[in-house]
Amino acid sequence: PQIRKMLSSGVCTSTVEIPGKVVVVTGANTGIGKETAKELAQRGARVYLACRDVQKGELVAKEIQTMTGNQQVLVRKLDLSDTKSIRAFAKGFLAEEKHLHILINNAGVMMCPYSKTADGFEMHIGVNHLGHFLLTHLLLEKLKESAPSRIVNVSSLAHLLGRIHFHNLQGEKFYNAGLAYCHSKLANILFTQELARRLKGSGVTTYSVHPGTVQTELIRHSSFMNWMWWLFSFFIKTPQQGAQTSLYCALTEGLEILNGSHFRREEEVDEGF
Ligand SMILES: NC(=O)C1=CN([C@@H]2O[C@H](COP(=O)(O)OP(=O)(O)OC[C@H]3O[C@@H](n4cnc5c(N)ncnc54)[C@H](OP(=O)(O)O)[C@@H]3O)[C@@H](O)[C@H]2O)C=CC1
Ligand SMILES: CC1=C(/C=C/C(C)=C/C=C/C(C)=C/C=O)C(C)(C)CCC1
């Protein structure tokens, strides 16, 4: 029953329409991010697809425009493994947009071989946490000016195996690709909780989510995970199902009271820290 519950799919039942709202989704050219962006465009928002591969992003933007009839789907370059790229994205965005109502920190890498970002951070912590940390920091004033506004951090349940090893944050003393992912996903949740605390009263609220186990390109670096996903493909969620929890946190009215919480499906879960 636990496994069935873990794999079952919730649905974002909110019927809220968001014309005039401005949204940024990172890693929106595929997987959960693409489906999240599509639904937000469907509801009328101006949606920025923040992608490291602009060509892939443009193809997806066209697809979303055609499917939703919303032409306000824009692609901007964002490589979260390079702080110069993050700063350039934020600078461009702040120059062209007056508002930012929803920031979805969705992009992620899992189980990649040991490598470092342009600034020398281990890739998982660098992209999944530090990259989004900097991006959020650079966009925070705009989010405050646009309040009520929301930040959704796409984490996982993998955080349960995560630990913050301050003496080995960059994985230089020991490294395990699976655990490095788990540590970065724990960092997403801790960041969400602390940000919520600091932003109290500002009108900006923040949530972390576990999207479920979803058929996406996230498993690209692990043949074992590819095999597992293939074996159990019947139980695994589609990206559209995987987007539901992010959409729930972005759209549901009255969720402000759960500022800082972690969500699985459409339930807030107490992580006990
Ligand atoms: N799939 C699952 O079962 C689960 C997923 N998650 C989380 O969901 C989120 C979305 O992942 P999912 O859709 O599954 O995976 P995908 O691999 O399908 O999508 C990941 C996205 O992140 C982008 N990305 C990776 N590195 C960077 C970077 N350096 N800069 C900018 N963008 C980058 C990818 O771009 P590109 O296409 O160019 O590589 C892609 O658009 C992740 O945070 C993941 O940890 C959590 C739990 C389970
Ligand atoms: C236990 C179990 C499974 C494994 C689930 C795993 C391994 C989930 C991994 C989640 C990840 C990678 C989260 C990303 O953040 C399957 C294959 C679904 C089949 C049913 C039983």
Side-chain angles (χ1 to χ4, degrees), residues 6-7 9 24-38 48-61 75-86 88-90 104-112 115-119 121-135 152-162 177-178 180-189 191-192 208-222 225-226 228-229 232-233 235-247 249 262-265:
M6 186 179 100
L7 297 172
S9 185
V24 170
V25 184
T26 69
N29 59 281
T30 187
I32 297 165
K34 175 181 167 182
E35 294 303 321
T36 306
K38 191 190 291 174
Y48 283 82
L49 313 183
C51 305
R52 65 173 159 180
D53 184 332
V54 173
Q55 269 184 336
K56 280 195 209 169
E58 289 293 355
L59 286 175
V60 169
V75 181
R76 297 292 177 268
K77 166 99 180 159
L78 172 69
D79 182 349
L80 289 156
S81 71
D82 183 349
T83 54
K84 280 203 189 78
S85 170
I86 301 170
F89 170 85
I104 310 235
N105 288 323
N106 162 84
V109 287
M110 183 173 81
M111 294 178 81
C112 45
S115 51
K116 287 191 167 176
T117 67
D119 305 275
F121 303 122
E122 185 281 314
M123 194 58 76
H124 292 90
I125 198 83
V127 169
N128 298 355
H129 171 56
L130 294 172
H132 282 124
F133 176 93
L134 176 62
L135 179 68
V152 178
N153 294 318
V154 183
S155 177
S156 174
L157 51 59
H159 73 285
L160 292 169
L161 298 176
Y181 176 75
C182 297
H183 303 332
S184 71
K185 291 286 131 180
L186 173 60
N188 290 155
I189 294 180
F191 174 46
T192 305
S208 62
V209 307
H210 168 53
T213 305
V214 188
Q215 186 68 55
T216 66
E217 295 173 34
L218 190 70
I219 52 175
R220 64 185 99 179
H221 295 294
S222 164
M225 287 302 232
N226 264 292
M228 287 276 283
W229 257 229
F232 292 103
S233 48
F235 299 101
I236 289 177
K237 290 183 185 182
T238 62
Q240 202 243 349
Q241 292 170 327
Q244 297 304 308
T245 313
S246 299
L247 291 166
C249 289
H262 186 56
F263 288 78
R264 279 189 223 154
R265 286 176 301 272

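Start at 1 and go down the list; that is how both ligands and their atoms are numbered.
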task: For residues A50 and L78, report the shortest heavy-atom separation together with the two atoms involved.
output: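 A50 and L78 have their closest heavy atoms at CB-CD2, 3.7 Å.
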
What atoms of ligand 1 come closer than 4.0 angstrom to any heavy atom of [X]?
X: A107; answer: 22 (O), 23 (C), 24 (N), 32 (N), 33 (C), 43 (O)
X: D79; answer: 28 (C), 29 (N), 30 (N)
X: L78; answer: 30 (N), 31 (C)
X: N106; answer: 9 (C), 10 (C), 42 (C), 43 (O)
X: T30; answer: 18 (O), 19 (O), 37 (O), 40 (C), 41 (O)
X: S155; answer: 6 (N), 7 (C), 46 (C), 47 (C)

For [X], is at least one N or O under 3.5 Å away from an N or O on ligand 1?
X: T213; value: no
X: D53; value: no
X: E217; value: yes
X: L80; value: yes
X: H210; value: no
X: C51; value: no
X: V127; value: no
X: T216; value: yes
X: G33; value: no
X: G108; value: yes

Chi angles and distances behind the side chain to side chain contact (heavy atoms under 4.5 Å, CB included) call for L247, Q244: CA-CA 5 Å; L247 291 166; Q244 297 304 308; 4.1 Å; yes

Verdict with reasoning, V209 to S246, per side chain to side chain contact (heavy atoms under 4.5 Å, CB included): CA-CA 6 Å; V209 307; S246 299; 3.8 Å; yes

message: Under 4.0 Å, heavy-atom basis, I'd like to know which part of V109 is in contact with ligand 1: side chain, backbone, both or neither.
response: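 Answer for V109: side chain.
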
- prompt: Does ligand 1 have a heavy atom under 4.0 Å from the side chain of M110, from its backbone, from both, or from neither?
  reply: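 It is neither; nothing of M110 touches ligand 1.
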
task: Please name the residue in the list N106, T36, I32 that meets the side-chain contact (heavy atoms from CB on, under 4.5 Å) test with P211.
output: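 The side-chain contact (heavy atoms from CB on, under 4.5 Å) with P211 is passed solely by I32 among N106, T36, I32.
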
Output the distance between atom [atom1] ([X]) and atom [atom2] ([Y]), rounded to the nearest 0.5 Å.
X: T117; Y: I86; atom1: OG1; atom2: CD1; answer: 8.5 Å
X: I219; Y: M110; atom1: CD1; atom2: CE; answer: 7.0 Å
X: H262; Y: S155; atom1: NE2; atom2: OG; answer: 5.0 Å
X: L80; Y: F121; atom1: CG; atom2: CZ; answer: 13.0 Å

message: Between K185 and V154 (side chain of the first, backbone of the second, donor and acceptor by atom type, cut-off under 3.5 Å), is there such a pair?
response: yes

Return a table of donor-acceptor pairs under 3.5 angstrom between the side chains of residues 124-135 and protein atoms on other chains or two or more places apart.
residue, atom, partner, partner atom, Å
H124, ND1, E122, OE2, 2.9
H124, ND1, Y175, OH, 3.4
H124, NE2, M111, N, 2.8
H124, NE2, C112, N, 3.3
N128, OD1, V109, N, 2.9
N128, ND2, V109, O, 3.0
N128, ND2, S184, OG, 3.0
H132, ND1, N128, O, 3.1
H132, NE2, T26, OG1, 2.9

Option whose closest heavy atom lies nearest to atom 34 (C) of ligand 1, chosen from K56, R220, R264: R220

- line: atom 11 (O) of ligand 1: of I104, T245, L218, the nearest heavy atom sits on L218

